[in-house]
Number of protein chains: 2
Amino acid sequence: MTQKTPNYITKLRNSNLRPTKQRIKICEVLFNRPKTFHFTINNLYKLLSDNSEKKISLATVYNTIHAFKKSGYLKQVNIDSSNNYFDTNTSHHHHFFDETNNELIDLNNEDIKKIELKKNIPGKKIKSVEVLVKIVSK
Amino acid sequence: MTQKTPNYITKLRNSNLRPTKQRIKICEVLFNRPKTFHFTINNLYKLLSDNSEKKISLATVYNTIHAFKKSGYLKQVNIDSSNNYFDTNTSHHHHFFDETNNELIDLNNEDIKKIELKKNIPGKKIKSVEVLVKIVSK
DNA sequence: TTTCTAGTTTATAATCATTCTAAATTAGAA
DNA sequence: TTCTAATTTAGAATGATTATAAACTAGAAA
């Protein structure tokens, strides 16, 4: 079931994204992981710089991440004005945000009772319902 | 029960904030309203500029809003990286965000079934639980 | 009332994240 | 191999917010 060598080339091509060296490298860093990955653009940029001699420009990191988001490979998670995260888990779920070490943790749908609203706004339809649980060390 | 002329001077002094002309003016714009008020710094700055000949500097608006937030007069509501709101309703509640016209709407605690988490993070305690319901026009 | 000082306001500069621009490079079809 | 459109890139531009430092002011003390 687990892909040994994920075919990022096909994945990219399917989204009309040319499989460039930079995009494949970013795919490897983001998706070749056993678990969901949460990151900021800055996190990722540093991570890419660290394990590589030839670095990917910051502009390309921004471009690529936004292209990936548009293609549905990533979800954006806004915590507050100074913390803009991305999440490789694109299924419907929620988050804990640990303010002690600025870490995002998934709160899966099955780990929270269904959200039921007793109010609706006339003329409007719901696009999303997101729960953010802020936590700190005890 | 309703105060005809709210005593912002006392309110400010109680929080160790000198009741300056600027702060009182901002209090009037923010709190002398029948309902909760949602705004961005820019909204507020424009509003203050419009109904006044002598305008309050942008720096003071930022300073004051942050002082008010610190004193518990306001809550900050982060929608996404380009929408940073403040809310005069400081009670525990949630929000709708209407993406059609960038408007925040309160979702009071009694209008949502209690959020129950079936997961907890060892060593961590919950600081807040916030629900954000994004809506658009039908 | 006058004086004095710490708190406050202000214009402007600095910062930081993000987006834009336009030139150089590259993927991949022909 | 050639050619073109897509992509990458460095650096400039933008926009929100914060910092700075000089001028002003509230209000306590004389």
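Distance, B:L12 CG to D:dG27 C1': 15 Å, rounded to whole Å. Residue A:K54 contributes atom NZ, which lies 11 Å from atom P of C:dT25 at whole-angstrom precision. Look at CG on B:D80: it is 12 Å from P on C:dT18, rounded to the nearest Å. Between A:L58 atom CG and C:dA17 atom C1' the separation is 9 Å, expressed in whole Å. Distance, B:I65 CD1 to C:dT9 C1': 15 Å, rounded to whole Å. Atom CD in B:Q76 sits roughly 15 Å away from atom P in D:dA16 (whole-Å rounding).
When distances run from any side-chain atom of B:T60 to the nucleotides D:dT7, D:dT9, C:dT10, the shortest one goes to C:dT10. Listed nucleotides D:dT9, D:dA26, D:dA5 differ in distance to B:R18; the shortest reach to its side chain belongs to D:dA26. For A:I41, the listed nucleotide lying nearest its side chain is C:dT18; candidates were C:dT18, D:dT18, D:dT17. When distances run from any side-chain atom of B:R13 to the nucleotides C:dT18, C:dA27, D:dG27, the shortest one goes to D:dG27. The B:Q22 side chain lies nearest to C:dT10 when the options are D:dT18, C:dT10, D:dT9. Of the candidate nucleotides D:dA26, D:dT8, D:dT17, D:dA26 has the atom nearest to the side chain of B:K21. The side chain of B:N42 has D:dA16 as its nearest neighbour among D:dA16, C:dT8, C:dT18. With D:dT8, C:dC20, C:dT18 as the candidates, the nucleotide lying closest to the side chain of A:Y62 is C:dT18.
Relative orientation of the A:Y8 and A:F31 rings is tilted, given thresholds of 30° and 60° on the angle between their planes.
At a threshold of 4.0 angstrom between heavy atoms, the contacts of A:T20 are confined to the sugar-phosphate backbone, with no base atom among them. If you check every strand for non-hydrogen atoms under 4.0 Å, A:N63 touches a base.
Comparing A:S81 and A:R23 along DNA chain D, the residue whose closest nucleotide (by nearest heavy atom) sits nearer the 5' end is A:R23.
With hydrogens and angles left out, the side-chain atoms of A:N108 and A:H93 include no donor and acceptor closer than 3.5 Å.
Looking only at side-chain heavy atoms (C-beta outward), B:L117 and B:I126 come within less than 4.5 Å of each other.
A cation-pi arrangement is absent between B:K124 and A:F96 under the rule of less than 6.0 angstrom and at most 45 degrees off the ring axis.
B:H94 contributes atom NE2, which lies 14.0 Å from atom CD of A:E130 (distance to the nearest 0.5 angstrom).
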